[in-house]
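Just below is one structure, and these are the notes that go with it.
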There are 2 protein chains.
Amino acid sequence: MPHDAALCATQQPCEICPIRYRAVCAHCEGDELAELEGMKFYRRYEAGQVVVWAGDRMDFVASVVAGMAGLTQQLEDGRTQMVGLLLPSDFLGRPGREMATYTVTATSNLVLCCFRRKPFEKLLIDNPRIASRLLEMTLDELDAARDWLLLLGRKSAREKIASLLVILARREAALIKRRPEGRIAIELPLTREAMADYLGLTLETVSRQMSALKREGVIELDGKRRVIVPSFVRLVTESGDDSDGGPLS
Amino acid sequence: MPHDAALCATQQPCEICPIRYRAVCAHCEGDELAELEGMKFYRRYEAGQVVVWAGDRMDFVASVVAGMAGLTQQLEDGRTQMVGLLLPSDFLGRPGREMATYTVTATSNLVLCCFRRKPFEKLLIDNPRIASRLLEMTLDELDAARDWLLLLGRKSAREKIASLLVILARREAALIKRRPEGRIAIELPLTREAMADYLGLTLETVSRQMSALKREGVIELDGKRRVIVPSFVRLVTESGDDSDGGPLS
DNA sequence: CCGGAACCTTGACCCAAATCAAATGCCACA
DNA sequence: TGTGGCATTTGATTTGGGTCAAGGTTCCGG
């Protein structure tokens, strides 16, 4: 097994792709889809592997098919902040940009559906369906970033943890077009350190707050990477915002 | 003078518009520009006026021509975080969305170049130039939001203040296609409270850090709303990140 | 079954920024 | 020229989360 990104021969047809109707290809049909299908290739990364370093040349863009990746930014003295969390169906890379602006790391085992950048950019010009879907996804990501700004700027450590769990639960549920409620389980494919980098905390504070939420019955831990939430509404209350999570979209 | 948004009769031709080559209309020429010009109308707001409330119907989109506006999000208990800062040439509103997601407030006197939403959406479909410019602007805004995440998550109060000043200086300079250097003046069309909401601080902390930067000669104050920076590189050093601000774009 | 590494938890202490509380400056306007 | 209403500054005190330090788990390879 190579240490580098593994170019993976086994790729699925788009028809049975789990992110077929949520990714950048969502609105494509017939010829458009065939063209994308013809140029796609898969890559797999192990948890912890770096996909690209900030400043490196990046000549592909991709959709996350499975797993999770984090975009990360750093100050010179090493302080680290996650600035993007990519879940299945999210888009990676910026058309028109040669160099990666952020370091991308697989936080769990990761499968990407990649397209070489240049041909993809051409497709973007010829094919308004793809371009408009990408605009829509970018606007959604901007909205998510804005919720994240509120989280980082104004929420307490406990609210931050609860918010992260709510976000993961909602994203997980959205993939199967449902809305989380009642007793639910959340996969948590992040180390405590990655959670801390996401939330602007230290890993010690993350650990302490997780313990506190557990002690108070808001969550139960099933191993380190799986969380049981007895009452989803209780968790939402703890997260500080009581928005209902908006339309299913 | 009405208390509400002032629909303003005096509007300039696009040719002499100060944001002609930076706004969503940047790549438009001839017919495209004429079409935009035919449907545009100006609105003016006084400092402090609300442009739209979160949740209200919003049936126009707009470019900021002059002045500054803040997008703001709130938790139920009143904690407030600014999640967007709109400067001249920035785009306001989301095509395809009926309701405003954020409250928009003029932080200084503000001039908007508005388009009714429905006709603008139609234009977006028919006219790839505008759509691709909007995608580009949205991607830039996402990058800015990601720098902002780093600021909120990991920077000290002093670094936050310095970073805000650097951002304003760069944006001001970019409008005239220059890069800030040496001794510069920065307009600061924000109250201390608005700065605090931007930076995830209290207004007292903002005031204290401004005083400290002044005491140490990093900045001089010329009234409350104008800052003189004797050495721009010194200010950038104080901001924590030493990126050079990227290409002029 | 043991040793080690990676990850996580817990405790004690500290500090940067929040909170609470006055002052002070600065207009606009009577 | 005073006066009320802001925005801002400054001071005293508290506190949430950071830092430093020590153990505990889990899991893998030998």
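Reminder, nothing fancy here: chain letters follow the sequence lines and each chain counts from 1.
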### Task
Of all the heavy-atom pairs spanning B:Tyr102 and A:Asp147, show the shortest one and how long it is.
OH-OD1, 4.4 Å
### Sorted by number, the residues of residues 148-165 of chain B with heavy-atom contact under 4.0 Å to DNA chain C
B:Ser156, B:Ala157
### Query
Nearest 0.5 Å, what's the CD-CH2 distance between A:Gln81 and A:Trp148?
6.5 Å
### Query
When rounded to the nearest 0.5 angstrom, what is the spacing between CG in B:Leu142 and CD in A:Glu141?
5.0 Å
### Task
Could you check whether B:Arg225 gets within reach of a base, just the sugar-phosphate, or nothing at all, counting any heavy atom under 4.0 Å?
sugar-phosphate
### Task
May I ask you to check whether over 12 heavy atoms, not counting those of B:Arg178, lie within 6.0 Å of atom CZ?
no
### Query
Where along residues 192-205 of chain B does a heavy atom come under 4.0 Å from DNA chain C, residue by residue in number order?
B:Gly200, B:Leu201, B:Thr202, B:Glu204, B:Thr205
### Task
Measure the distance from CZ on B:Arg215 to C1' on D:dT9 and round it to the nearest whole Å.
11 Å
### Task
Might you point out which heavy atoms bring A:Ala66 and A:Pro88 nearest each other, and give the distance in Å?
CA-CG, 4.1 Å
### Query
Nearest 0.5 Å, what's the CG-NZ distance between B:Leu201 and B:Lys155?
12.5 Å
### Message
Other residues, nucleotides and ligands only: do more than 12 of their heavy atoms fall within 6.0 Å of CD on B:Gln74?
### Response
yes
### Query
What closest approach, in Å, do A:Met68 and A:Leu87 show between heavy atoms, and which atom pair accounts for it?
CE-CD2, 2.9 Å
### Query
Are OP1 or OP2 of C:dA16 and a side-chain N or O of B:Arg208 less than 4.0 angstrom apart?
no
